[in-house]
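As structure tokens, the structure follows; a few thoughts come after it.
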Amino acid sequence: YTLAVWVRPDQIPVPGQVQGVLDHELQYALLLGNRGGPPPPPLGGDPSFEARCVHTDVASPRGYEYTTAAPVGAWSLLACTWDGTRLCALRWSAPDDHQHFCTDTVGAPAPAGAHGLAMGHLSDSGQASARLVGAVDAVHVWSRALSADALCAELGQPAGCMPCDGCD
């Protein structure tokens, strides 16, 4: 699958909290999180501010793949891709501000989500939780993994616009 969405976060979550962007409960999710650290600057750049791709069978100890330092108050394309083996998190905010990281998974997500696709929040047994403070635009969901170059084409950018920063 590939999830791709333009997001303009207006506020970084408090340390240890998250804000939902997309959530297909018990299968996969795209969320914004704050793993803690020093107080963030007023506009983006905080390395503790993460865009997280959550997949029910991620092999990494943290249980998700992520990018960091998304700008606050500005639009970024956030994407999660899974090709059956690798889960990748991608962020493109500008030609000189992008990230791309991948990790292995141990299996497929659950065969079905619990309560449909939630947008702008997480789903907790079908109830909205962890609402996004910001805006969402142009949500795309594909049933296949798109390559980074295919996502660059969606952005109108040349191939290679999001080289992998952490892919084994």
Side-chain angles (χ1 to χ4, degrees), residues 1-14 16-35 44 46 48-60 62-93 97-148 150-155 162:
Y1 61 82
T2 299
L3 311 173
V5 59
W6 283 95
V7 177
R8 189 199 70 228
D10 291 336
Q11 173 185 330
I12 296 175
V14 299
Q17 298 294 311
V18 298
Q19 296 175 9
V21 178
L22 297 174
D23 185 12
H24 206 247
E25 191 174 343
L26 302 179
Q27 278 191 307
Y28 48 75
L30 171 57
L31 53 92
L32 302 175
N34 185 343
R35 61 184 154 75
D46 179 20
S48 67
F49 183 37
E50 300 174 338
R52 299 177 186 170
C53 295
V54 181
H55 174 92
T56 54
D57 275 327
V58 171
S60 110
R62 67 183 167 270
Y64 58 87
E65 188 54 87
Y66 66 100
T67 65
T68 63
V72 175
W75 290 97
S76 294
L77 177 76
L78 304 179
C80 302
T81 66
W82 179 67
D83 65 5
T85 304
R86 312 268 295 151
L87 176 66
C88 297
L90 302 99
R91 176 181 62 78
W92 189 92
S93 302
D97 185 9
H98 47 78
Q99 291 184 338
H100 177 180
F101 294 95
C102 297
T103 193
D104 289 332
T105 59
V106 294
H115 295 282
L117 183 65
M119 291 188 280
H121 60 83
L122 296 181
S123 177
D124 184 4
S125 298
Q127 300 299 309
S129 66
R131 292 188 183 278
L132 173 70
V133 179
V136 170
D137 194 13
V139 175
H140 298 274
V141 179
W142 287 271
S143 62
R144 67 187 191 290
L146 265 64
S147 67
L151 287 167
C152 288
E154 290 287 322
L155 287 164
M162 287 186 280

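If you read the sequence from its start, that first residue is 1, and numbering goes on from there.
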request  = Without swapping roles, check the side chain of T2 against the backbone of L146 for a donor-acceptor pair under 3.5 Å.
outcome  = yes
request  = For the pair H140 (side chain) and A4 (backbone), establish whether a donor and an acceptor sit closer than 3.5 Å, ignoring hydrogens and angles.
outcome  = no
ask   = Is L32 close to L132 at the side-chain level, that is, under 4.5 Å between some pair of heavy atoms?
value = yes
query = Nearest 0.5 Å, what's the CG-CZ distance between D83 and R144?
reply = 13.0 Å
message = Let me confirm one number: the NE2-OH distance from H24 to Y1, rounded to the nearest 0.5 Å.
response = 11.5 Å
ask   = Can you tell me how far CG of L78 sits from OG of S93, rounded to the nearest 0.5 angstrom?
value = 7.5 Å
request  = List the steps and the verdict of side-chain contact (heavy atoms from CB on, under 4.5 Å) for T81 and L151.
outcome  = CA-CA 10 Å; T81 66; L151 287 167; 4.2 Å; yes
inquiry  = Between R86 and D104, is the side-chain contact (heavy atoms from CB on, under 4.5 Å) condition met? List the steps.
reply    = CA-CA 5 Å; R86 312 268 295 151; D104 289 332; 2.7 Å; yes
ask   = Roughly how far apart are L90 CG and Q99 CD, rounded to 0.5 Å?
value = 10.0 Å
key: Minimum heavy-atom distance S129-H121, with the two atoms named   = O-CB, 3.4 Å
query = Of the non-hydrogen atoms in A29 and C80, which two are nearest, and what is the gap between them?
reply = O-SG, 4.4 Å
request  = Could you tell me how the ring of Y66 sits relative to the ring of Y64: parallel (under 30°), tilted (30 to 60°) or perpendicular (over 60°)?
outcome  = perpendicular
note = In terms of heavy-atom contacts, I12 and Q19 come closest through C-NE2, 4.2 Å
note = All heavy atoms of P71 vs all of D97, minimum pair found to be CD-OD2, 4.3 Å
remark   = CD (E25) and CD (Q127) are apart, to the nearest 0.5 Å, by 9.5 Å
ask   = Which pair of non-hydrogen atoms, one from E65 and one from F101, has the smallest distance, and what is that distance?
value = CG-O, 3.3 Å
inquiry  = Test side-chain contact (heavy atoms from CB on, under 4.5 Å) on M162 and L155; report intermediate values, then the result.
reply    = CA-CA 11 Å; M162 287 186 280; L155 287 164; 4.0 Å; yes
task = Using the side-chain contact (heavy atoms from CB on, under 4.5 Å) rule, take D23 and L31 through it: C-alpha gap first, then chi angles, then the decisive distance, then the call.
result = CA-CA 8 Å; D23 185 12; L31 53 92; over 6 Å; no
inquiry  = For a 4.5 angstrom cut-off between non-hydrogen side-chain atoms, does W75 reach W92?
reply    = no
ask   = Between the side chain of T105 and the main-chain N/O of T85, is any donor-acceptor distance below 3.5 Å?
value = yes
remark   = Value for CG (L77) from CG (D137), rounded to nearest 0.5 Å, stands at 11.0 Å
key: Ring geometry between H55 and W82 (parallel below 30°, tilted from 30 to 60°, perpendicular above 60°)   = tilted
ask   = Looking only at heavy atoms, which two atoms of G33 and V18 are closest? And how far apart?
value = CA-CG1, 4.0 Å
